[in-house]
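Note sheet for the following structure.
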Amino acid sequence: MNTTFKTAILAAAAMLLCTGADAAVANTAATSTGFVAPAAPTRAAMPDKRLPNLGRDKHGLPFYHPKQVKRVVRTTAYTHSESDHLSYGPKNAVGTYLQYNEQTRSAAADWSVYPLGTKFKIKGEPYTYVVDDYGSALVGTGTIDIYQPNKGLMRQWGTRIVEIEVIEWGSSRQSIETLAARKRYGHCNKMYASLQQQNSKVKATR
């Protein structure tokens with residue numbers, strides 16, 4: 001990655017984090033209980049030039065090689081009371097309850113980028129996030145959607161570019177098995193196909 005792009009990511013991160021901080025000040029009474037703002041990304045999380053360049057997503061952020069666990073990612077937020085989630089209630093894509101406590105919290109992502117069960121931490125926060133959900137808008141991107149228990153906290157999070165560290169990769173096999181029965185849905189079929197392609201490449205190199 002060139003210096004200009006590195007600078008652009010860091011500048012965007014700073015801008016989004018500052019915007020989030022301003023919003024937090026404006027809504028402190030309503031939404032700040034238990035809210036921990038993430039720390040700004042560092043250069044250590046930029047793509048490692050020694051690893052293959054996997055391109056960028058539609059938001060201009062890089063796709064990282066799986067060997068690199070520290071990375072700069074775009075995050076958004078969602079909650080179970082949004083109109084497009086009402087039919088599922090407070091449950092995730094595997095039918096268990098979305099998590100939000102002092103140890104573990106749920107997140108949604110493209111399972112071909114972050115397979116089901118992937119665990120990660122956000123720099124500056126004490127929680128472990130677990131990818132147990134997905135969303136159609138996330139497919140084909142490296143964006144991670146952070147679950148929040150209400151709309152106030154969802155708005156407070158907004159869109160933030162953060163640094164994460166993957167502490168445990170999820171299961172591609174479980175992701176494929178879950179998605180196999182949902183291929184009639186376009187976004188599920190895309191994730192399924194991408195995971196199958198990845199598996200084929202791995203087998204071809206053995």
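Because only heavy atoms are used, hydrogens play no part in the values below, and waters and symmetry mates are left out as well, while side chains stay in.
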**Prompt:** Side chains of N199 and I176: does their closest heavy-atom pair fall under 4.5 Å?
**Reply:** yes
**Prompt:** Are V72 and L51 linked, directly or through other ILVMFWY residues, by side chains that come within less than 4.5 angstrom of each other?
**Reply:** no
**Prompt:** Parallel under 30°, tilted from 30 to 60°, perpendicular over 60°: which one fits the rings of Y129 and Y127?
**Reply:** perpendicular
**Message:** With a 4.5 Å cut-off on side-chain heavy atoms, are K123 and E165 touching?
**Reply:** no
**Request:** First locate atom CG of L98, then atom OH of Y88, and finally report the distance between them rounded to the nearest 0.5 Å.
**Result:** 12.0 Å
**Item:** A77 to D145 - nearest heavy-atom pair and separation
**Value:** N-OD1, 3.0 Å
**Item:** ILVMFWY network linking V131 to V94, side-chain heavy atoms under 4.5 angstrom
**Value:** yes
**Item:** T75 and R160 side chains, donor-acceptor separation under 3.5 Å
**Value:** no
**Asked** Does a side-chain heavy-atom distance below 4.5 Å link V69 with I167?
**Response** no
**Asked** Are any non-hydrogen side-chain atoms of Y64 and P47 less than 4.5 angstrom apart?
**Response** yes
**Item:** Side-chain donor/acceptor of H59 to backbone N/O of L61, under 3.5 Å
**Value:** no
**Request:** First locate atom CD of E163, then atom CE of M46, and finally report the distance between them rounded to the nearest 0.5 Å.
**Result:** 8.5 Å
**Item:** Between T96 and K91: side-chain donor-acceptor atoms closer than 3.5 Å
**Value:** no
**Request:** Please determine which of E168, K121, K119 meets the side-chain hydrogen bond (donor to acceptor under 3.5 Å, both in side chains) test together with T128.
**Result:** K121
**Asked** Picking from Y192, Y134, W169, what satisfies ring-ring contact (aromatic ring centres under 6.0 Å, His included) with W111?
**Response** Y134
**Request:** May I ask you to decide if H187's main-chain N or O and R182's side chain share a donor-acceptor pair within less than 3.5 Å?
**Result:** no
**Chi angles and distances behind the side chain to side chain contact (heavy atoms under 4.5 Å, CB included) call for R105, I146** = CA-CA 8 Å; R105 299 187 173 185; I146 304 297; over 6 Å; no
**Message:** Can you tell whether the side chains of E177 and R173 come within less than 4.0 Å, N to carboxylate O?
**Reply:** yes
**Prompt:** Can you tell if the side chain of Y147 reaches within under 4.5 Å of the side chain of D133, non-hydrogen atoms only?
**Reply:** no
**Request:** For Q99 and V130, indicate whether the former's side chain and the latter's backbone hold a donor-acceptor pair under 3.5 Å.
**Result:** no
**Message:** Tell me whether V139 shares a hydrophobic cluster with Y114, the cluster being built from Ile, Leu, Val, Met, Phe, Trp, Tyr side chains joined at under 4.5 Å.
**Reply:** yes
**Atom of Q174, atom of S171 and distance for their closest heavy-atom approach** = N-OG, 3.0 Å
**Asked** What distance do Y100 atom OH and T79 atom OG1 have between them, rounded to the nearest 0.5 Å?
**Response** 10.0 Å
**Euclidean distance, H80 NE2 relative to M154 CE, rounded to 0.5 Å** = 11.5 Å
**Prompt:** Under 4.5 Å between side-chain heavy atoms, hopping through other hydrophobics if needed: is there a path connecting I144 to L153?
**Reply:** yes
**Message:** Using side-chain heavy atoms (C-beta onward) and a distance below 4.5 Å, is Q198 in contact with S194?
**Reply:** yes
**Stepwise side chain to side chain contact (heavy atoms under 4.5 Å, CB included) check, K151 with S81** = CA-CA 7 Å; K151 290 182 178 178; S81 58; 3.6 Å; yes
**Item:** Close side-chain approach of T141 and K58, heavy atoms under 4.5 Å
**Value:** yes
**Asked** Side chains of Q156 and Q148: does their closest heavy-atom pair fall under 4.5 Å?
**Response** no
**Request:** Specify the closest pair of heavy atoms between G55 and N53, including all atoms of both residues, with the distance to one decimal.
**Result:** N-OD1, 2.8 Å
**Message:** Main chain of G142, side chain of D57: is a donor-acceptor contact present, judged purely on distance under 3.5 Å?
**Reply:** yes
**Request:** Compare every heavy atom of L195 with every heavy atom of S172, then report the nearest pair and how far apart it is.
**Result:** OG-CD2, 4.0 Å
**Asked** Closest approach of G140 and F63, non-hydrogen atoms and distance?
**Response** O-CZ, 3.4 Å
**Request:** Indicate, with yes or no, if L138 and V73 share a hydrophobic cluster defined by side-chain heavy-atom contacts under 4.5 Å among Ile, Leu, Val, Met, Phe, Trp and Tyr.
**Result:** no
**Message:** Looking at every heavy atom in both H65 and R71, which two are closest together, and how far apart are they?
**Reply:** O-NH2, 3.0 Å
